[in-house]
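Structure, as structure tokens:
Read the numbers this way: they start at 1 and go in the same order the structure lists the ligands and their atoms.
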Amino acid sequence: MSHDTIAINRRMDRFDRHDSVWLFGYGSLIFKADFPFIERRPASIGNWSRRFWQGSHDHRGTESAPGRVVTLVPELGATCHGMAYLVTPEEFAHLDHREKNGYLRLATDIGFEDGSAIEGIVYIATHENAAFLGAADERDIARQIAGARGPSGPNSDYLLALAQALRELDKPDAHVFAIERHLGELLAQQLT
Ligand code: SIN
């Protein structure tokens with residue numbers, strides 16, 4: 001699979017005739033909503049875990065020095081917390097462009113805090129995409145993030161904004177917080 005998923009995602013027409021669709025965000029889509037939405041609500045999806053396993057060549061890194069951003073990996077019984085946005089189907093043209101480096105639209109059940117659930121869309125970069133980097137020691141992930149920067153800014157800003165957004169949602173994520181802690185230690189070492 002090539003890096004660029006725009007053409008594949010355009011063929012995902014399942015919700016095209018709906019007036020609105022729920023989109024579940026678990027990474028930058030939590031803290032950077034650069035698209036119009038009708039409503040937004042804290043939400044979760046089941047059997048997925050958030051991991052900094054996806055390479056970023058277009059936003060938080062470059063072709064020669066990719067950064068790391070989050071994707072979801074299947075994990076039975078896990079719950080991934082994030083933010084859901086009710087959008088019109090036209091917004092997916094912009095979202096497909098934004099998420100083009102390996103992310104595919106997937107239909108999923110999205111659960112809300114009042115116990116209700118609805119089918120919507122999540123962008124997931126699977127291990128089959130060319131930009132996938134996979135598992136690594138969380139300290140090594142922090143080191144890679146500390147050294148990467150791309151057109152959307154330093155990779156560390158992405159990590160710190162995500163950690164902050166999860167704190168604001170009161171949804172701690174051990175993986176994200178561990179990498180944030182390692183980043184803090186690395187930056188402190190650089191100052192001494
Ligand atoms: C998401 O936020 O839902 C997808 C990953 C990202 O854009 O950071």
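What sits closest to atom 6 (C) of ligand 1 on the protein, heavy atoms only, is S28 OG, 3.3 Å. In this structure, the protein non-hydrogen atom closest to atom 3 (O) of ligand 1 is Y26 N, 3.0 Å.
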Full working for side chain to side chain donor-acceptor pair (under 3.5 Å) between Q144 and N155:
CA-CA 9 Å; Q144 183 173 354; N155 202 176; over 6 Å; no
Go through the steps for F112 and W22 under the test ring-ring contact (aromatic ring centres under 6.0 Å, His included), then give the verdict.
CA-CA 11 Å; F112 297 108; W22 282 98; 4.9 Å; yes
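Taking distance alone, with nitrogen or oxygen atoms compared against 3.5 Å, Y123 stays at or beyond that limit from ligand 1. At least one N or O atom of Y158 sits closer than 3.5 Å to an N or O atom of ligand 1. The distance criterion of under 3.5 Å between nitrogen or oxygen atoms is met by G27 with respect to ligand 1. At a 3.5 angstrom cut-off on N or O pairs, R98 does not count as close to ligand 1.
Rounded to the nearest 0.5 Å, atoms OG1 (T126) and CH2 (W53) are 13.0 Å apart.
Under a 4.0 Å criterion applied to the non-hydrogen atoms of G25, ligand 1 contributes the atoms 3 (O). Which parts of ligand 1 touch E99 is read off a 4.0 Å heavy-atom cut-off, strictly below it: atoms 4 (C), 5 (C), 6 (C), 7 (O).
Of all the heavy atoms of L29, the ones lying under 4.0 Å from any atom of ligand 1 are found in both the backbone and the side chain.
By the 30° and 60° cut-offs, the orientation of the rings of F52 relative to Y158 is perpendicular. Classification of the F37-Y85 ring pair by plane angle, with boundaries at 30° and 60°, yields perpendicular.
Checking side-chain atoms of N47 against main-chain N and O of L76 turns up no donor-acceptor pair under 3.5 Å. H59 places no side-chain N or O within donor-acceptor distance of the main-chain N or O of E99, the cut-off being under 3.5 Å.
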